[in-house]
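Report on the following structure.
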Amino acid sequence: MSATAVVTIVHGRRDHLALQGRSLARQTDPAAHVVVAMDDPDLEVPGAHVVHVPRLPLGLPLAAARNAGAAAALAEGADVLVFLDVDCLADPALLAAYGDDVRQQPGTVWSGPVTYLDRPPPGGYDLDGLAALDAPHPARPAPQPGELLHDADPDLFWSLSFACHADAWLASGGFCEDYVGYGGEDTDFGRTLVARGLRLGWTGSARAYHQWHPVSSPPVEHVDDIVRNAALFHRRWGEWPMGGWLDQLEQQGLVVRRDGAWAVAAEVLSGRTP
């Protein structure tokens, strides 16, 4: 029997998770929900299977958390895995679209367009009005509903919203768990999929809406993660990822490039308390 499971990793963001749950309850096709709580031991989600993973010394284990969520979903018999960032609200047709495309073309890992929403109005987002706000992020492909794009650029893969067949997930080996904290693991996974003979595609019918939250650009609060994970990516693939962020962090004096590698600036390190 075929079954779909949604995997969401979370640390905090309780309100965003609750509204995502409401969007999933409105789906035309039902699915199990696996929530992976990272260093969030008190999290309980009615109707969902909650998996708890601890914080690692270097930070939150985003890559390992997605793998743990997938393992739980597979153990419950899912043949389609849908990964949704905790900030993402699902269009009512998202699960049906992903399920159809994955089962028809199980050798392709599918992504859907994501619209970044403005700050919510008083009373919060109206789930009935999300379609009127549809404006997918310009840095990623944005096919129209019903349109499929094949052989997508693996360097544009992101984990905000994607889906794959259980067999494709097992063939991929999952996310590289050497990545800890923020940055790099998505691009690594995209490269890994192609290296293992899988294809990447975008489906316009699986649309999602990213709830607003404060951000910094570049993400200065994650400078250690970015430098460490960029070095890991370079060791694995021979290239430096996140070039735009690293250049901006360098301009702000937070990182330096020395002997062909990036490092957190000495001034930043010396300004930290032990």
Side-chain angles (χ1 to χ4, degrees), residues 7-17 20 36-40 43 53-69 83-88 111 114 116-117 119 137 139-140 154-162 174-192 210-237 239-258 260-274:
V7 176
T8 303
I9 67 173
V10 61
H11 172 76
R13 300 283 174 86
R14 302 293 179 86
D15 291 343
H16 283 201
L17 178 63
Q20 180 187 88
V36 185
M38 301 177 292
D39 189 30
D40 204 345
L43 180 65
V53 298
R55 180 186 292 269
L56 298 178
L58 291 175
L60 293 176
L62 307 182
R66 293 191 188 97
N67 292 347
F83 293 79
L84 273 185
D85 186 275
V86 67
D87 298 318
C88 283
S111 298
V114 177
Y116 274 72
L117 298 172
R119 186 191 294 266
H137 195 289
R140 294 295 187 276
D155 289 350
L156 294 181
F157 175 83
W158 57 0
S159 58
L160 284 181
S161 174
F162 76 97
F175 285 80
C176 174
E177 297 188 6
D178 293 339
Y179 291 91
V180 177
Y182 189 82
E185 82 278 5
D186 283 8
T187 308
D188 184 285
F189 186 64
R191 294 279 187 99
T192 298
H210 186 280
Q211 303 174 74
W212 181 91
H213 61 79
V215 296
S216 55
S217 183
V220 296
E221 66 274 23
H222 298 295
V223 62
D224 295 280
D225 294 351
I226 290 170
V227 169
R228 183 181 63 252
N229 287 338
L232 170 60
F233 187 96
H234 186 266
R235 291 194 298 272
R236 285 170 58 82
W237 302 102
E239 300 176 30
W240 289 101
M242 302 180 282
W245 284 350
L246 288 167
D247 288 342
Q248 293 173 37
L249 292 169
E250 182 182 33
Q251 292 168 11
Q252 295 185 21
L254 299 177
V255 303
V256 294
R257 188 158 191 171
R258 186 183 304 117
W262 291 98
V264 178
E267 293 80 0
V268 175
L269 294 173
S270 63
R272 295 173 177 169
T273 56

Nearest 0.5 Å, please: how far is [atom2] in [Y] from [atom1] in [X]?
X: S159; Y: L62; atom1: OG; atom2: CG; value: 8.0 Å
X: H222; Y: L60; atom1: NE2; atom2: CG; value: 9.0 Å
X: H137; Y: Y116; atom1: NE2; atom2: OH; value: 5.5 Å

[X]: side chain to side chain donor-acceptor pair (under 3.5 Å) partners, not counting sequence neighbours:
X: W240; value: H234
X: T187; value: none
X: H16; value: D87
X: R191; value: D155, E239

Where is the tightest heavy-atom contact between [X] and [Y], given as atom of each residue plus distance?
X: V53; Y: A68; result: CG1-CB, 4.2 Å
X: P241; Y: A230; result: CD-O, 3.7 Å
X: Q248; Y: P218; result: OE1-CD, 3.2 Å
X: V36; Y: A65; result: CG2-O, 3.5 Å
X: A265; Y: G253; result: CB-O, 3.3 Å
X: G183; Y: M242; result: CA-SD, 3.8 Å

Partners passing salt bridge (charged side-chain N to carboxylate O under 4.0 Å, His left out) against [X] (at least two apart in sequence or in another chain):
X: D85; result: none
X: R257; result: none
X: E250; result: none
X: D39; result: R55

- Could you walk me through whether L43 and L17 pass the side chain to side chain contact (heavy atoms under 4.5 Å, CB included) test, one step at a time? CA-CA 11 Å; L43 180 65; L17 178 63; 4.2 Å; yes

- Message: If we ignore hydrogens and angles and just use 3.5 Å, is the side chain of R140 paired with the main-chain N or O of L156 as donor and acceptor?
- Response: yes

- Heavy-atom donor-acceptor pair, D40 side chain to H11 backbone, under 3.5 Å: no

Under the rule for side-chain contact (heavy atoms from CB on, under 4.5 Å), what residues qualify as partners of [X], not counting sequence neighbours?
X: P154; answer: V194, L200
X: R228; answer: L58, V180, D225
X: R235; answer: A231, L232

- Note on the structure: Across all chains, not counting sequence neighbours, the ring pair (Phe, Tyr, Trp, His ring centres under 6.0 Å) partners of F175 are F189

- Candidates D188, D186, N229 - the one meeting side-chain hydrogen bond (donor to acceptor under 3.5 Å, both in side chains) with Y179: D188

- Step by step, work out the side chain to side chain contact (heavy atoms under 4.5 Å, CB included) result for V223 and W262. CA-CA 11 Å; V223 62; W262 291 98; over 6 Å; no

Report yes if some heavy atom in the side chain of [X] is under 4.5 Å from a heavy atom in the side chain of [Y]; otherwise report no.
X: Q211; Y: R13; value: no
X: L249; Y: V227; value: no
X: R66; Y: E185; value: yes

- Do the rings of Y182 and W245 sit parallel, tilted or perpendicular, given the 30° and 60° boundaries? parallel

